[in-house]
Amino acid sequence: MNPLMERRLRQLRSRVLVRSWEYRQRQHARGAWFRLRRVLTFAAEAYIVSPDDARQLVAEGRRPEPAGDEFEPPKLIVFATRERVARLRGARPVPVRLTRDLLAATCLVLVPFVTPASRGRTRRV
Amino acid sequence: MTFRDRLLATIRAAKPVLEAPGVMVVGSEVPNLLEPGAAATLIVSQDLDVGVPVEHHAEVKRQVAELHAFRASPEEPSVWVPREPGLLEVNFIGMDPTQDPAEAYVLDDDQLPLLVFGALSLVSPGVELDLMETRVRLPRAAGLVLEKLVTDRTGEKGERDLLVALGLLMTATPDDIDEVEIMFRRLRPELRHVVRSNLTILSLLEARPGMPDPGPHRADVAALLRRLEGEEGSDP
């Protein structure tokens with residue numbers, strides 16, 4: 001067998017093994033990144049906000065996304081409408097990507113694509 | 001010379017194998033060829049992936065002798081490099097419909113060895129195009145989308161492959177998306193999870209110069225993820 005192809009095959013099989021391990025770990029800490037990415041996938045916009053603002057949004061009845069609890073320090077992540085975010089003075093928009101700013105943020109407000117009712121479901125997956 | 005010129009010139013030069021039984025173009029050039037007029041604006045890579053059904057390997061191997069514009073790479077004989085400028089590399093890949101999507105093997109051969117990717121078992125023949133007097137078979141979009149999404153995607157190459165899935169979704173019809181959902185439900189739980197995971201990665205990718213930008217299509221990716229997960233969420 002061609003050595004390069006053999007190496008590619010070996011690498012591919014190794015990745016499949018790792019992936020299977022990750023799948024088995026998905027309910028545990030290893031799955032936290034998937035759950036965070038999944039919540040962000042349903043966000044059209046993301047804003048870094050102060051803890052006071054984030055707590056205010058929760059007090060208004062918005063449910064914190066459980067995916068945020070899986071990090072240390074925990075992230076308080078809530079969905080809110082664009083109009084509600086516009087009334088938060090200190091809200092700072094950040095790209096919806098895994099940037100340093102977004103990952104370092106402890107309080108995030110996400111604007112859903114369609115309606116708040118259709119935001120990312122929060123069951124552990 | 002534009003990328004489209006190079007792609008079409010490569011297709012003309014690769015006619016002997018592209019018209020061999022069962023052969024399909026399966027990689028990053030599919031969305032380019034599916035654009036109206038094969039506009040080829042969704043540039044992700046600089047090669048032409050040619051899927052060879054293992055049951056037709058012998059016929060394709062005979063046709064490879066007619067590829068005068070290319071020669072096999074000495075390092076990797078499944079890759080044929082152009083002898084002249086203005087052409088793309090041709091990358092031969094094995095397809096085995098009986099293979100598990102997570103598996104792979106090498107079909108060893110002195111002249112045309114193939115790395116056979118199990119994920120390509122999800123791919124089935126779709127439209128045929130007539131380009132540069134060459135009959136080009138393309139896969140059905142749904143199967144190729146899932147092939148891109150069930151394969152492990154890490155690093156630069158992985159992200160580019162996800163952009164191919166994006167390009168396919170950009171050109172997909174509602175029927176194609178229905179088919180993606182049907183095929184997705186037939187996958188085993190681990191592979192369904194991989195598909196969902198890759199969709200989240202695709203959604204968060206940064207735009208790259210000259211490549212399809214996920215940004216304007218994030219809502220579509222989110223809608224597809226939600227649809228695949230269904231009302232009750234996806235598998236555990």
Side-chain angles (χ1 to χ4, degrees), chain A residues 1-27 30-46 67 79 94-100 102-103 110-115 117-125, chain B residues 73-79 100-110 113-119 150-155 158 188-194 196-207 214-215 218-226 229-236:
Chain A
M1 188 189 300
N2 175 277
L4 198 57
M5 295 182 91
E6 187 178 14
R7 195 176 70 201
R8 284 179 65 194
L9 181 64
R10 206 168 47 241
Q11 289 171 341
L12 195 146
R13 286 176 172 163
S14 298
R15 287 199 299 270
V16 168
L17 285 176
V18 171
R19 192 177 73 186
S20 292
W21 174 80
E22 288 180 337
Y23 176 69
R24 292 195 300 275
Q25 299 281 325
R26 71 195 181 285
Q27 304 284 17
R30 188 78 197 177
W33 290 105
F34 165 69
R35 287 184 282 278
L36 177 63
R37 291 198 313 268
R38 179 178 173 278
V39 167
L40 294 174
T41 295
F42 292 118
E45 299 167 26
F79 277 87
V94 287
V96 190
R97 290 200 306 274
L98 298 178
T99 60
R100 188 169 63 177
L102 189 142
L103 292 174
L110 306 177
V111 175
F113 275 110
V114 188
T115 63
S118 69
R119 72 175 186 245
R121 294 182 183 86
T122 54
R123 63 190 289 273
R124 284 178 73 90
V125 279
Chain B
S73 159
E75 294 82 24
E76 186 155 8
S78 64
V79 176
D100 182 277
E103 293 292 331
Y105 66 91
V106 171
L107 194 164
D108 213 1
D109 185 85
D110 288 341
L114 296 173
L115 193 47
V116 182
F117 293 95
V150 298
T151 308
D152 183 62
R153 302 297 175 196
T154 51
R188 63 175 183 268
E190 179 178 336
L191 295 178
R192 290 203 296 268
H193 182 77
V194 174
R196 295 164 60 218
S197 179
N198 277 327
L199 282 173
T200 67
I201 293 170
L202 171 59
S203 166
L204 302 177
L205 283 184
E206 192 170 4
R218 290 191 60 246
D220 297 327
V221 173
L224 177 59
L225 177 60
R226 187 177 303 289
E229 293 188 345
E231 283 306 307
E232 300 302 319
S234 191
D235 49 84

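So you know, we letter chains A, B, ... as the sequences are listed, proteins then strands, and number each from 1.
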Heavy-atom distance under 4.5 Å between the side chains of Glu6(A) and Asp108(B), does that happen here?
no
What part of Leu107(B) gets closer than 4.5 Å to chain A, counting heavy atoms only: side chain, backbone, both or neither?
neither
Compute whether any side-chain donor of one residue and acceptor of the other, for Ser203(B) and Arg37(A), lie under 3.5 angstrom apart.
no
Roughly how far apart are Glu75(B) CD and Leu4(A) CG, rounded to 0.5 Å?
8.0 Å
Quick one: list whatever passes side chain to side chain donor-acceptor pair (under 3.5 Å) with Ser20(A), sequence neighbours left out.
Glu190(B)
Once you round to the nearest 0.5 Å, how far does CD of Glu22(A) lie from OG of Ser197(B)?
8.0 Å
Atom CG of Leu98(A) and atom CG of Leu205(B): how far apart are they, to the nearest 0.5 Å?
9.5 Å
Could you look at Arg13(A) and say if it's the side chain, the backbone, both or neither that has a heavy atom under 4.5 Å from chain B?
side chain
Val194(B) versus chain A, the contacting section by heavy-atom distance below 4.5 Å:
side chain
Which residue out of Pro214(B), Pro113(B), Gly215(B) racks up the most heavy-atom pairs below 4.5 Å with chain A?
Pro113(B)
Mind ranking Val96(A), Thr99(A), Val18(A), Val16(A) by heavy-atom pairs under 4.5 Å with chain B and telling me who comes out on top?
Val96(A)
Heavy-atom donor-acceptor pair, Arg218(B) side chain to Ala43(A) backbone, under 3.5 Å:
yes
Can you tell me which portion of Tyr105(B) sits under 4.5 Å from chain A's heavy atoms? Options are side chain, backbone, both or neither.
both
Please flag which part of Leu12(A) lies under 4.5 Å from any non-hydrogen atom of chain B: side chain, backbone, both or neither.
side chain
Does NZ or CZ of Arg196(B) fall inside the cone over Phe34(A)'s six-membered ring, less than 6.0 Å from its centre and within 45° of the axis?
no
I need the Arg24(A) CZ to His193(B) NE2 distance, nearest 0.5 Å.
12.5 Å
Atom pair CE/CG of Met1(A) and Leu115(B) - distance to nearest 0.5 Å:
9.0 Å
side-chain contact (heavy atoms from CB on, under 4.5 Å) with Thr41(A): which of Leu202(B), Leu199(B), Thr200(B)?
Thr200(B)
Rounded to the nearest 0.5 Å, how far apart are CZ of Phe113(A) and CG of Asp220(B)?
8.5 Å
